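Working notes for the structure below.
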Amino acid sequence: MIDIFDSEAIVKVYRLLNKKCNAIDIFIKNHAYCFSTNTYEYSAVDVCNNIIDLMARKNQLINFKIIVDNAISRLNEEDKKILYVKMNYSISMEEFCAVLHFKERTAFRKIERAFKNLADTLNNSKYIDKLTQILTNEEWIANVKQEVKERRMAFKNGVISI
């Protein structure tokens, strides 16, 4: 079950997907190239298995992106705009408010609503099991989820401000 913490983490992860997929491509290319010049360190089977594992991880990340894109496409226009800005730009709340013409208090409320609506849409998706599997299997995504949860709980308890 996707909650509001997961929804915010998903938006943060989405922003990193292209970099991760490109890094996997570069690593695969270098791994295969280095194998041909340094055959005594790894066997061909080891190299093949590593490349297959990396390609499977990249495939999972692409599936993640498709699932999230599909869910966002079913949201209302305002939620789409909010999530688009959150997914594609790392900007301050002041800049966010200026871009979308919101007052700060309204922006917080609308961002929360967009995260909640995204979570609800993902939970009602036929791909929820696949998404949950990806969220669980990728350790770096689990770390982002934990960071979001800790930051939100600290904010809720008055320890930090956003």
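When reading the values below, keep in mind they use all heavy atoms of this one structure, side chains included, and skip hydrogens, waters and symmetry mates. Note that the structure is predicted; figures quoted are calculated from it, not measured.
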Evaluate the criterion side chain to side chain contact (heavy atoms under 4.5 Å, CB included) for residue pair Gln133 and Lys130; output intermediate values, then yes/no.
-> CA-CA 5 Å; Gln133 177 188 8; Lys130 180 71 174 169; 3.9 Å; yes

Salt bridge (charged side-chain N to carboxylate O under 4.0 Å, His left out) between Glu147 and Lys12, worked out = CA-CA 11 Å; Glu147 288 171 15; Lys12 286 180 174 277; over 6 Å; no

Verify side chain to side chain contact (heavy atoms under 4.5 Å, CB included) between Tyr84 and Lys81, making sure each step is shown before the conclusion.
-> CA-CA 5 Å; Tyr84 177 82; Lys81 286 179 190 174; 5.6 Å; no

Take Leu118 and Asp79 through the test side chain to side chain contact (heavy atoms under 4.5 Å, CB included) and record every step on the way to the result.
-> CA-CA 8 Å; Leu118 177 59; Asp79 288 347; over 6 Å; no

Audit row: Leu61, Ile24, side chain to side chain contact (heavy atoms under 4.5 Å, CB included) steps and yes/no = CA-CA 11 Å; Leu61 297 178; Ile24 289 171; 4.1 Å; yes

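With values rounded to the nearest 0.5 angstrom, Met55 atom CE is found 10.5 Å from Cys48 atom SG. Summarising the geometry, atom OG1 belonging to Thr106 is positioned 13.5 Å from atom NE2 belonging to His101; distances are rounded to the nearest 0.5 Å. In this structure, CE on Met93 lies 9.0 Å from CD1 on Ile91, to the nearest 0.5 angstrom. Here the CD-CZ distance, from Glu138 to Arg57, works out to 4.0 Å after rounding to the nearest 0.5 Å. Rounding to the nearest 0.5 angstrom, the gap separating the CG atom in Leu131 from the CD1 atom in Ile10 is 5.0 Å. In this structure, CD1 in Ile134 is found 11.0 Å from CG in Asp129, a value given to the nearest 0.5 Å.
Between Asn70 and Arg74, some side-chain heavy-atom pair lies under the 4.5 Å cut-off. Proximity of Ile2 to Leu135: side-chain heavy atoms (C-beta onward) are separated by under 4.5 Å at one or more points. Side-chain contact between Ile111 and Phe96 is present, with at least one heavy-atom pair separated by less than 4.5 Å. Side-chain contact between Phe5 and Gln146 is absent, with no heavy atoms from C-beta onward closer than 4.5 Å. With contacts defined as side-chain heavy-atom distances shorter than 4.5 Å, the pair Val11/Glu8 does not qualify. Residues Ile82 and Phe115 fail the side-chain proximity criterion, which asks for heavy atoms closer than 4.5 Å. Side-chain contact between Lys110 and Phe102 is present, with at least one heavy-atom pair separated by less than 4.5 Å. Asp25 has its side chain within reach of Lys58: a pair of non-hydrogen atoms, C-beta onward, lies under 4.5 Å apart.
Across Trp140 and Leu16, no two heavy atoms sit closer than the pair CZ3-CD1, 3.8 Å. Across all their heavy atoms, Ile28 and Ile51 have their closest contact at CG2-CG2, 3.9 Å. In terms of heavy atoms, Thr121 sits closest to Ala71 at CG2-O, 3.5 Å.
Linking Ile, Leu, Val, Met, Phe, Trp and Tyr whenever their side-chain heavy atoms come within less than 4.5 Å puts Tyr89 and Val68 in one cluster.
Taking 4.0 Å as the cut-off between side-chain N and carboxylate O, Asp69 and Lys65 count as a salt-bridged pair. Here Glu77 pairs with Lys80 in a salt bridge; the nearest charged N to carboxylate O distance falls below 4.0 Å.
There is no side-chain donor-acceptor pair under 3.5 Å between Asn49 and Asp46. For the 3.5 Å distance criterion, the side chains of Ser92 and Glu95 qualify, holding a donor opposite an acceptor.
Side-chain atoms of Thr136 come within 3.5 Å of backbone N or O of Thr132 as a donor-acceptor pair.
Within 6.0 Å of OH on Tyr14 lie more than 12 heavy atoms contributed by other residues, nucleotides or ligands.
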